[in-house]
Amino acid sequence: MIELMIDSAISLVKLWEEKVEDGGGIVEVKVDDDLRSYSADVISRACFGSSYSKGKEIFSKLRALQQAVSKPNILPEITGLRQLPTKRNREVWKLSKEIHSLILKVVKENNNKEQQEQDQEDKKRCKNLLEAILKSVNGSHQHHQHNHNKNNANNNENNDGDDADMDKFIVDNCKTIYFAGHETTAVTATWCLMLLALHPDWQDLARAELVRVCGPGSVPDAQALQKMKLLTMIIQETLRLYPPGAYVTRETLQDMKLGGIHIPKGVNIYVPVPTLHHDLTAWGPDVHRFNPDRFTNGVRGACKLPHMYVPFGAGTRTCLGQTFAMTELKIVLALILNNFSFSLSPKYKHSPVLRLIVQPEFGVDLIVKKV
Ligand code: HEM
C-alpha cells in the first residue's frame with residue numbers, strides 16, 4: 001500500500017513542479033482539488049486495484065452526489081416529501097443510478113475469469129479492497145444459495161431478490177469506503193498545509209525531521225514513516241483543530257441513563273467532536289492555538305481527559321481506516337515538504353464550513369516555490 005501512496009504523491013509533486021516552473025519559480029496553487037485527486041487516486045488503487053481508472057470515474061460521480069445531497073433542500077424538509085421529483089432529487093437519483101451500474105460493471109469484470117487470469121500477477125502483489133468485499137459476498141451468497149436451493153428449488157423470484165441484495169451490499173460498501181476515506185483524508189491534508197503555511201517555524205521543523213530521518217530528498221519508507229514524530233504531532237493537532245467528522249453518532253439499543261439523563265431506546269445521540277476538541281478545561285488556555293507540541297507525550301499528555309480526543313471516533317466502531325489515513329497523510333505531506341516551501345496567499349478566507357465534513361468553504365490558496 002505504501003508504494004501506491006508514494007506513486008500517487010509523486011504525481012502531485014510533478015504537477016506542482018510544472019506549475020512552479022510555468023510560474024517562473026513561484027506560483028499560487030489552490031490545493032484542495034489536487035489533494036482530492038491524490039486521495040481519490042490512492043483509494044481507487046487500494047479499492048479497485050488494476051481497474052482503478054474506472055474507480056476514479058466512480059469516485060468523481062460520488063463526489064458530485066455528495067455535493068448534490070449537501071445542497072439545502074428546504075421544500076421537502078418542510079413538507080416531509082423527500083421523494084418529490086425536484087431538480088436536486090432528480091440529479092441525486094440519476095447519479096445514484098449511474099454509480100450503481102458503474103460499480104457493478106467493475107465487479108463483473110473482476111469476476112470475469114479471463115480478466116482474473118490476466119490480472120493474476122497484479123493481484124498477487126496487491127490485494128484490493130473490492131476483492132475483499134467480493135470474497136465476503138461470494139462466501140455468504142454461496143452459503144445462502146445452498147440453503148435457498150435446499151428449501152426452494154424453483155423459486156426464481158426470490159433468487160433475483162438475493163442478487164439485488166448482494167449488488168446493494170457491494171455498492172453500499174464501495175460508497176462507504178469512498179465517503180469514509182476519500183474526502184476526510186484530502187481535507188485533513190488541506191487543513192495541515194494551511195496551518196503549516198501559517199506557521200513557517202513548524203514547516204521548517206518538519207522539513208528538518210524529514211532530512212534527519214530519510215536523508216535529503218529521499219522518499220520515506222515504512223520505517224521512516226514511523227520515526228516521523230513531529231509530522232505525526234502536526235497531523236494530530238490539525239485533526240484536533242479541524243476534525244473532518246464533526247459528529248460521532250450512536251443509537252441507543254435500549255433505555256439507558258447517560259450522565260443522569262434518561263434516554264429511551266432508539267434515540268440517535270450526536271457527539272459534537274469540535275466541541276470536545278475546543279474545551280478549555282480539558283486542553284488548557286491555548287486551546288484555540290495551533291500547538292503540535294502539546295502532543296509530545298501523546299494524547300494523554302495533551303489532554304486532561306484523553307477520551308475527549310476523538311477525530312477517528314471511539315470504541316468498537318472506531319475508524320477502520322485510521323492507520324491507512326495516517327500513512328497516506330504522512331506520505332503526501334513528507335513529499336510536499338521535501339520539495340516545496342509555501343505560505344498562505346492573501347486570497348485565503350478562513351471559513352470552516354460543515355458540508356458532511358468540516359472543510360474550508362473557499363478552499364486553501366498557497367504561494368508555492370521549490371525548496
Ligand atoms: C483523516 C482521515 C479520516 C478521519 C478523520 C476519519 C474519521 C472517522 C470517524 C470519526 C468515524 C466514525 C467512528 C465512530 O463512530 O466511532 C469513521 C468511521 C469509518 N472510517 Fe474513517 N476517517 C478517516 C479516514 C478513513 C479511511 C482512509 C478509510 C478507509 C480506507 C476509513 C474508513 C472508515 C470506515 C469503514 C468507518 C466505519 C467503521 C464502522 O462503522 O465500523 N476512514 N472514520
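Just so you know, ligand 1 is whichever comes first in the structure, and atom 1 is the first atom listed for that ligand. For reference, positions follow the sequence shown, starting with 1.
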N/O of L239 under 3.5 Å from N/O of ligand 1, yes or no? no
For atom 16 (O) of ligand 1, the closest protein heavy atom turns out to be R250 NH2, 2.7 Å
Tell me whether ligand 1 is touched by V187 - counting only heavy atoms on the residue side and a distance under 4.0 Å. no
Any heavy atom of T316 under 4.0 Å from ligand 1? The part involved is neither
Under 4.5 Å between side-chain heavy atoms, hopping through other hydrophobics if needed: is there a path connecting L15 to Y38? yes
I'd like to check atom 37 (C) of ligand 1 in this structure: does the protein have a heavy atom lying under 4.0 Å from it? no
Polar contact flag for E328 and ligand 1 (N/O pairs, less than 3.5 Å): no
Nearest-neighbour protein heavy atom for atom 1 (C) of ligand 1, which is reported as residue plus atom name and distance: T188 OG1, 3.4 Å
Touching ligand 1 at all, G315? Heavy atoms, strictly under 4.0 Å? no
Is it the case that N339 and W16 place a side-chain donor and acceptor less than 3.5 Å from each other? no
Verify the distance criterion only: is there a donor paired with an acceptor across the side chains of D365 and S345 at less than 3.5 Å? no
Do you reckon V42 sits in the same ILVMFWY cluster as I10, going by side-chain contacts under 4.5 Å, direct or chained? yes
Going by the order shown, which atoms of ligand 1 are within less than 4.0 Å of some heavy atom of G313? 10 (C), 13 (C), 14 (C), 16 (O)
Do E57 and K61 sit within salt-bridge range, that is, some charged N less than 4.0 Å from a carboxylate O? no
Hey, is P244 touching ligand 1 through its side chain, its backbone, both or neither, going by heavy atoms under 4.0 Å? side chain
If we number the atoms of ligand 1 from 1 as shown, the ones under 4.0 Å from a heavy atom of F324 are 27 (C), 30 (C)
Which heavy atom of the protein is the closest neighbour of atom 26 (C) of ligand 1, given with residue, atom name and distance? G181 CA, 3.2 Å
Nearest non-hydrogen protein atom to atom 30 (C) of ligand 1, with distance, is I43 CD1, 3.7 Å
Among all protein heavy atoms, pick out the one at the shortest distance from atom 29 (C) of ligand 1; state its residue, atom name and that distance to 0.1 Å. G321 CA, 3.9 Å
Examine ligand 1 and decide if any of its atoms is less than 4.0 Å from a heavy atom belonging to Q322. no
the protein heavy atom lying closest to atom 4 (C) of ligand 1 turns out to be F312 CE2, 3.5 Å
Of the listed options A325, P311, P243, A189, closest to atom 7 (C) of ligand 1 (non-hydrogen atoms): P311
Can a salt bridge be assigned to the pair D22 and K19 using a cut-off of 4.0 Å between side-chain N and carboxylate O? no
Keeping the roles fixed (side chain from T190, backbone from V31), state whether a donor-acceptor pair exists under 3.5 Å. no
As an exercise, identify every atom of ligand 1 less than 4.0 angstrom from a heavy atom of V248. 14 (C), 15 (O), 16 (O)
Do the non-hydrogen side-chain atoms of E183 and S39 ever get within less than 4.5 Å of each other? no
Verify the distance criterion only: is there a donor paired with an acceptor across the side chains of R355 and Q359 at less than 3.5 Å? no
closest protein heavy atom to atom 20 (N) of ligand 1 is C319 SG, 3.2 Å
With respect to atom 39 (C) of ligand 1, which of H182, E183, M326, R317 exhibits the smallest heavy-atom separation? R317
Would G245 count as a contact residue for ligand 1, given that I'm defining contact as a non-hydrogen atom of the residue lying under 4.0 Å from a ligand atom? no
Under 4.0 Å between a Lys/Arg side-chain N and an Asp/Glu carboxylate O for D41 and R45? yes
Taking the basic N atoms (NZ, or NE/NH1/NH2) and the acidic carboxylate oxygens, is any pair closer than 4.0 Å for E237 and R240? yes
A314: numbered ligand 1 atoms lying under 4.0 Å from its heavy atoms: 16 (O)
Do the non-hydrogen side-chain atoms of Y242 and T188 ever get within less than 4.5 Å of each other? no
Polar contact flag, side-chain donor to acceptor under 3.5 angstrom, K369-S341: no
Whether W283 and Y309 hold their rings parallel, tilted or perpendicular, with breakpoints at 30° and 60°: perpendicular
Could you tell me the residue and atom name of the protein heavy atom closest to atom 32 (C) of ligand 1, and the distance to it rounded to 0.1 Å? A180 CB, 3.6 Å
